Amino acid sequence: MPQTPKADAPASAAASITGSTPPDTAFGWLEDVQGEPALAWVRERNAVSETLLTARPEYAPLRAQLLAVLDSKDRIPNVTRRGDFFYNLWQDEDHKRGLWRRTTLAEYRQARPAWETVLDLDALGQAEGENWVWAGSTCLGPDYRRCLVSLSRGGADATVVREFDAVARRFVDGGFALPEAKSNINWIDAETVYVGTDFGPGSLTDSGYPRIVKRWARGTPLAEAVTVFEGERGDVAAGVTVDRTLGFERTWFTRSVDFFHRKVWLLQGGEQVPFDIPDDASFSFLRDSLLLKIRSDWQPGEQRFPAGSLLVADAAAWLRGERNLTPLFTPTATRSLSSYTATRDMVIVNLIDNVSSRLELWRKTGTADSAASSFVRGAIAAPGAGAATGEEATERPGTIGVGSLHDSELADDRHANDYLLSYSDFLTPDSLLIGRDGAKPELLKARPALFDATGMRAEQRFASSKDGTRVPYFIIWPKGATADAANPTLLYGYGGFEVSLNPFYSGLYGRAWFERGGVLVVANIRGGGEYGPAWHRSAIKADKQRSYDDFAAVAEDLIHTKVTRPKHLGIMGGSNGGLLVGATFTQRPELFNAVVCAVPLLDMRRFHTLLAGASWMAEYGNPDDPAEWSFISKYSPYQNLKPGATYPEVLFTTSTRDDRVHPGHARKMAALMLAQGHPMLYYENTEGGHGGAADNAQRAHLQALEYSYLWRQLGR
């Protein structure tokens, strides 16, 4: 457990502690998130870092440029369809916390749509004296008048839930409401919800998420809600999903036993019936069909399916025990399944081919009255990288996003087979198209360029890791850059939880880095999902070191090919990526001259005891198991920091309101570096949650600090 500091512990206590003192004893008091001694230490370190970095000549123009990008009016508004309306959360200089607003599709097609404000977060926060940050909403169809709105204080994962009337545009007096907690809540009908929240002692898992699901009737106290499902304390969470597809309504309960495995029970005739699918598979229903995305090789009958496949079966037959499956996607050495999107009659498969998006389409035939539905291959016109038809793509690598516009709760949905497509790559601004069936998609929105990409180029290369594995990475070159070993170069990575780093367009990188002569490198290391589940599984638990070997191999390749040299090479990562850069700079400090370590995990001896950390043991292992601590201990940055070593100066950033990755990780690592005499800077935003910032002004300040630091360390 975190040690409680003495009431009179000095803010600068870390400075008086020698590197020989056991770190857990020396700095445990910094885990007290809101403790005054810890916050005094934070204020002291913030003052040092902000004084230094805001005085840099880059800071003021960078902050202005970054804020202009974040607040720009020509952003493409991301929308969610609910009945006749398209909803969006919008932030700019006049609406720092945001407007929850809506418009019609006809208006959205316009260059300047007319939006109706549903809820003004800034006005609400001012009226209630709260620092509200939008955390989403769940609305009840088919009229979508009643919504359960989630509001976060300062951007934390924990939220307050309040029922909202989207027609009257006000909160419902006496409506459903939950106090601040990490909750999940789902409509059953207008008078009843399923709710998982903090019901008191024993109601949460070790990871801090709901363990119990209850049925709660309108007008009754939460204390009278009836328990309908329970997980176990060692689970990540228990939850419930309500599928309200007309004619195919289904409810299922889940126990997430770890981050990648869950057990499922379908509600049938009032009974919870075990759902026989692999524990690590994800699934959805498309009317009478069952879609399964499998993460492990699987042989349910005579046929064997490789990990990463997308399979379809007749749902009713499956529940009868029949195991007839048809593959809609099968991975190859270079192709993996990114996601899939279903309209009423189609499944659009979004795949990755050597870290570039491709689309495939399958059309559903037959009806619920027929013996069974089937799927036939169709054509789809995709933006940018083109459709996946087997031929080599000639376009530069890009990323396609797909979103269905189908509303399954409407009896007669005029957008039943409509979908949105987005496209971007490192040098091409975002565009948004609308498609219908197999017709060529129509351009809806295209964002103007946020930086001058003339003369810039992006390319893909491969590095050879320590064990010989080929590791792909992207290089984005600024105008006029050559391989002269002197380019300021920023290497970014993540490498965990099967998350892929696909090409993206960023006006922030464009203005703060490319236009100033910086090279950006994005590494697709093991632990990610770029080549499917096997790419991820090859770098977890006992093999996690492979992620760090891959990252170092990319750095070495950049130096070998004279893209840059250590004096001009920096690394950046956040969350699991913060662990990545923390492990890499402690193992290979000679390769780098700058490290931006954001909202990181660093103390891997105690990560599982801090906030949501227990939920990640399927990725890293259990430090309380001596066999697993034996491999975790070899890379844990906090335990491997050495007093006599020479490290690059590190900039740690985190948030007091991060209730996912404990700010104690960054605090303690920074304090230990300070005590051992290593150069480091530290900045902790008091708001922002795991994202590090709660509004655009905070984001611009944080990123201007980061880029000012990078130019200070890496400039020619």
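Just so we're clear, the structure is a prediction, and the values are computed from it rather than from any experiment.
For Arg218 (side chain) and Ala190 (main-chain N/O), a donor-acceptor pair under 3.5 Å exists by modelled atom type. Using a distance-only test at 3.5 Å, with no hydrogens or angles considered, a donor-acceptor pair links the side chain of Glu249 to the main chain of Gly247. Between the Arg102 side chain and the Ala166 main chain, a donor and an acceptor come within less than 3.5 Å of each other. Side-chain atoms of Ser309 come within 3.5 Å of backbone N or O of Pro306 as a donor-acceptor pair. When atom types are taken as modelled, the side chain of Asn417 and the backbone of Asp437 share no donor-acceptor pair closer than 3.5 angstrom. Using a distance-only test at 3.5 Å, with no hydrogens or angles considered, no donor-acceptor pair links the side chain of Thr138 to the main chain of Asn186. With hydrogens and angles ignored, the 3.5 Å screen pairs no side-chain donor or acceptor of Thr159 with any backbone N or O of Val161. Without hydrogens or angle criteria, Lys445 side chain to Gln110 main chain gives a donor-acceptor distance under 3.5 Å. Without hydrogens or angle criteria, Glu498 side chain to Gly529 main chain gives no donor-acceptor distance under 3.5 Å. Distance alone, capped at 3.5 Å, is enough to place a donor-acceptor pair between the Asn88 side chain and the Asn78 backbone.
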- Take Arg436 and Asp418 through the test salt bridge (Lys or Arg N to Asp or Glu O under 4.0 Å) and record every step on the way to the result. CA-CA 4 Å; Arg436 171 168 292 178; Asp418 293 357; 2.6 Å; yes
- Query: Are Phe329 and Tyr340 close enough, and set up right, to give a side-chain contact (heavy atoms from CB on, under 4.5 Å), and what steps lead you there?
  - Reply: CA-CA 10 Å; Phe329 173 79; Tyr340 64 90; over 6 Å; no
- Item | Derivation and outcome, salt bridge (Lys or Arg N to Asp or Glu O under 4.0 Å), residues Asp165 and Arg170 | CA-CA 5 Å; Asp165 187 324; Arg170 63 176 181 83; 5.4 Å; no
- Message: Applying ring pair (Phe, Tyr, Trp, His ring centres under 6.0 Å) to Phe474 and Phe426, what does each step give before you reach the verdict?
- Response: CA-CA 9 Å; Phe474 294 105; Phe426 289 114; 5.2 Å; yes
- Apply salt bridge (Lys or Arg N to Asp or Glu O under 4.0 Å) to Asp276 and Arg323, showing your working. CA-CA 10 Å; Asp276 183 21; Arg323 296 296 180 258; 2.9 Å; yes
- Query: Is there a side-chain contact (heavy atoms from CB on, under 4.5 Å) between Asp314 and Asn324 once you walk through the steps?
  - Reply: CA-CA 8 Å; Asp314 178 84; Asn324 298 317; over 6 Å; no
- Stepwise, does the ring pair (Phe, Tyr, Trp, His ring centres under 6.0 Å) test hold for Phe451 with Tyr505? CA-CA 10 Å; Phe451 58 91; Tyr505 183 82; 5.1 Å; yes
- Task: Could you please spell out the steps behind the side-chain contact (heavy atoms from CB on, under 4.5 Å) verdict for Arg97 and Trp134?
- Result: CA-CA 7 Å; Arg97 295 305 167 96; Trp134 181 255; over 6 Å; no
- Query: Checking salt bridge (Lys or Arg N to Asp or Glu O under 4.0 Å) for the pair Glu93/Lys73: CA distance, chi angles, key distance, verdict?
  - Reply: CA-CA 10 Å; Glu93 70 274 17; Lys73 298 293 194 297; 2.8 Å; yes
- Task: Verify side-chain contact (heavy atoms from CB on, under 4.5 Å) between Arg75 and Asp92, making sure each step is shown before the conclusion.
- Result: CA-CA 10 Å; Arg75 284 171 288 151; Asp92 58 27; 3.9 Å; yes
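The shortest side-chain heavy-atom distance between Tyr494 and Asn576 falls under the 4.5 Å cut-off. A 4.5 Å side-chain heavy-atom check between Asp243 and Phe248 finds every atom pair outside the cut-off.
Heavy-atom minimum distance, Pro503 versus Asp425: CB-CA, 4.3 Å. Heavy atoms only, all atoms of each residue included: Pro383 and Ser422 are closest at CG-O, 4.4 Å. Annotation for Ser338 and Ile352: closest pair CB-CG1, 3.7 Å, computed over non-hydrogen atoms. For the pair Tyr531 and Ala333, the tightest heavy-atom approach, listed with the atom from each and the gap, is CD2-O, 3.8 Å. Contact detail for Phe259 and Ser615: the closest heavy-atom pair is CB-O, 3.4 Å. The two residues Gln272 and Leu267 make their nearest non-hydrogen contact at CG-CD1, 4.1 Å.
Atom OH of Tyr108 is separated from atom CG of Leu444 by 6.5 Å, given to the nearest 0.5 angstrom. Distance check: Asp157 CG to Tyr209 OH gives 5.5 Å after rounding to the nearest 0.5 Å. The distance from the CZ atom of Arg262 to the CD1 atom of Ile277 is 6.5 Å, given to the nearest 0.5 Å. From Ile348, atom CD1 reaches atom CD of Glu360 across 12.0 Å, with rounding to the nearest 0.5 Å. Remark: Asp74 CG to Leu450 CG distance equals 6.0 Å, nearest 0.5 Å. Here the CD-CG distance, from Glu530 to Asn524, works out to 4.0 Å after rounding to the nearest 0.5 Å.
For Trp252 and Phe275, the ring centers sit 6.0 Å or farther from each other.
Looking only at atom types and distance, the side chain of Arg660 has no donor-acceptor partner in the side chain of Ser575 under 3.5 Å away. Residues Asn354 and Thr334 have side chains that never bring a donor and an acceptor to within less than 3.5 angstrom of each other. Side-chain contact, Ser500 with Asn502: no donor N or O sits under 3.5 Å from an acceptor N or O.
Ring orientation note: the planes of Tyr509 and Phe504 are tilted relative to one another, at an angle of 30° to 60°. Between Phe253 and Phe229, the angle of the ring planes stays under 30°, which puts this pair in the parallel group of the 30/60° scheme. Under the 30°/60° scheme for interplanar angles, the aromatic rings of Tyr87 and Phe85 are found to stand perpendicular.
Applying the side-chain hydrogen bond (donor to acceptor under 3.5 Å, both in side chains) test to pairs two or more places apart or on separate chains, those with a residue in residues 399-409 are Tyr144-Asp407, Arg244-Glu409, Thr245-Ser408, His406-Asp413.
Salt bridge absent: Arg363 and Asp345 never bring a charged side-chain N and a carboxylate O closer than 4.0 Å. Arg146 has no carboxylate O lying under 4.0 Å from a charged side-chain N of Asp189, or vice versa, which leaves the two without a salt bridge.
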